[in-house]
Amino acid sequence: MSTSRLRFAPAPTGSLHIGSARTALFNWLYARHTGGELVLRIEDTNAELTRPELIDNIYRSLEWLQIDFDGAPVRQSERTDLYNDAVEQWLADDFAYVDEGAVRFRVPDRGTTAWEDLVRGTVVFENQHIEDFVVRRSDGTATFFTANAVDDLDLGITHVVRGEDMVNVTPKVIMLRRALGATDVPEFAHLPLIVNEQRKKLSKRRDDVALENYRDRGIVAPAMINYLALLGWGPPDDIEIRPVGEIVELFELGDVNPSSAMFDAKKLDAINGEYLRAMNPQEFCQALEPWIGQQTWSDSIDPTQLQRVAPLIQERTRVLSEGPPQLDFFFLNMPEIDQSAWDKVMLSDEAGLILEAASAVLGEINWEVDALHDALRSIGDTYQMKLGKAQAPVRIAVTGRSVGPPLFESMHALGREAVLARIGAAQEMLADE
RNA sequence: GCCCCCAUCGUCUAGCGGCCUAGGACACCGGCCUUUCACGCCGGCAGCACGGGUUCGAAUCCCGUUGGGGGUGCCA
């Protein structure tokens, strides 16, 4: 039985592009789905692209996504002899000729070059529209076309899965491959482009295309994988959020949609939120740690306290970078007051009365969530306020904001002393106004 | 200009000739729940670009129009 062999072939031009990541993913999905192999091929035929740090970045990003490869990576910069041999062979067989020092492939004037694309169906190019293209530069180095055709043949690649922006190179590499004596052609699958709101190809200049930026914002890898899989492909049963193993099982190149797909950061965030919520509390806390560690108040963190309060924000967090601002008041000596929230809530007549009542009763009660709940409710009752309104001044005093994790749980975690101190401070601020 | 590709709700998609008065998800808008926000639940808005065919029957097949995109380097 012939098994599939695919390759992901990025040019190391910086951080991994979101579109490249999707290409890598689809290659990986199909390789794993078919029980075949996936090789990583670094397309560094251009001297500037051989810098190690650029390549490291690709490795790191792919590792983060948990896209794994079979065998060692192939570096095109190390295979120049192969390309030279091919060029010499084309020259010898009169498939190519020297032009101002460069070598060009002789494209026939007549006939067509076509292939059956797994995503797009039949694609046909008339040879007369294809120019004689350079296969070896005048400096002696092989071009992309040469390296591409030689390596796909030499590495026994059975399926070429790449972006639609590569469609026009396909007839060229097919001609090159045939000129090398190959009678077969790999399967081609040209994936739809990922586009921005203006329906233009995601570009490094205008758009947020670096995979690492998403990681740094607090997108977790499984969510990224899941979202990327949904760009150009959809499960037949309409269940979008599912483990990558199931996606591997369901994935088929033939099911890939040929039309371009807009990158929707909101949907990515929504999916990420689902993944965050699905974590157990320890996992969530652990995922949060790198973001917490960057805060100015990270030195004053008590790990036990963090473990206790992190679950309070778990279902309120879509991306991990949203975590720290929701938790800072637990670890600061005094909360940072949101001025507009303060003005909205504290300028009413009742606010001072509620704080006064709270500071009195909170010194007496059992320090339990239920008791805190009851205390605030009865304070509200005496002023004929619903709990939602009655808790607002206390929330501002204790957390500095009008929104946040559940108040009574937060107060409980904070402790009586800190809570009373904050209420006291708020009363003083009110008095000063 | 030339070449290639694409066309289902705002967005991502399901649909591969009858199951479609087109399903799901995100977003948006209501409501419920409720200590804020969120989560959750319920409901709503909204789409087969247009015109011709083919067929008993078309979102699904064919042709054209329109619109959009990609490519046109001795970059990859």
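Note: hydrogens, waters and symmetry copies are ignored here, and every other heavy atom, side chains too, is used. By convention in this document, chain letters (A, B, ...) are assigned in the order of the sequence lines, proteins followed by strands, and residues within each chain are numbered from 1.
In this structure, CG of A:Leu376 is placed 17 Å from P of B:U34, rounded to the nearest angstrom. For A:Phe145 and B:G71, the CZ to P distance is 13 Å, given to the nearest whole Å. In this entry the distance linking CG of A:Leu193 with P of B:A7 reads 14 Å, nearest Å.
Residues A:Trp233 and A:Phe144 each lie close to RNA chain B; by heavy-atom proximity, the contact nearer the 5' end of the strand is made by A:Trp233.
In this structure, A:His373 reaches the bases: a heavy-atom distance under 4.0 Å links it to at least one base atom across the strands shown. Contacts of A:Gly388 with the nucleic acid, taken as non-hydrogen atoms under 4.0 Å apart, involve only primed sugar atoms and P, OP1 or OP2. Within 4.0 Å (heavy atoms only), A:Arg318 reaches sugar-phosphate atoms of the nucleic acid but no base atom. Within 4.0 Å of A:Glu240, counting heavy atoms only, lies at least one base atom of the nucleic acid. Residue contacts shown for A:Pro258 are limited to sugar-phosphate atoms, with no base heavy atom under 4.0 Å away. Nucleic acid contact class of A:Asp237 (heavy atoms, under 4.0 Å, all strands): none. As judged by a 4.0 angstrom heavy-atom cut-off over every strand, A:Val123 is placed among residues touching the sugar-phosphate backbone only. A:Gln326 comes within contact range of no nucleotide atom at all, as no heavy-atom separation falls under 4.0 Å.
In this entry B:C2 has B:G71 as its Watson-Crick or G-U wobble partner, both defining distances falling under 3.5 Å. Applying the Watson-Crick and G-U wobble criteria (two distances, each under 3.5 Å), B:C26 pairs with B:G10.
Look at the C1' atom in both B:U8 and B:C16: the space between them is 13 Å, to the nearest Å.
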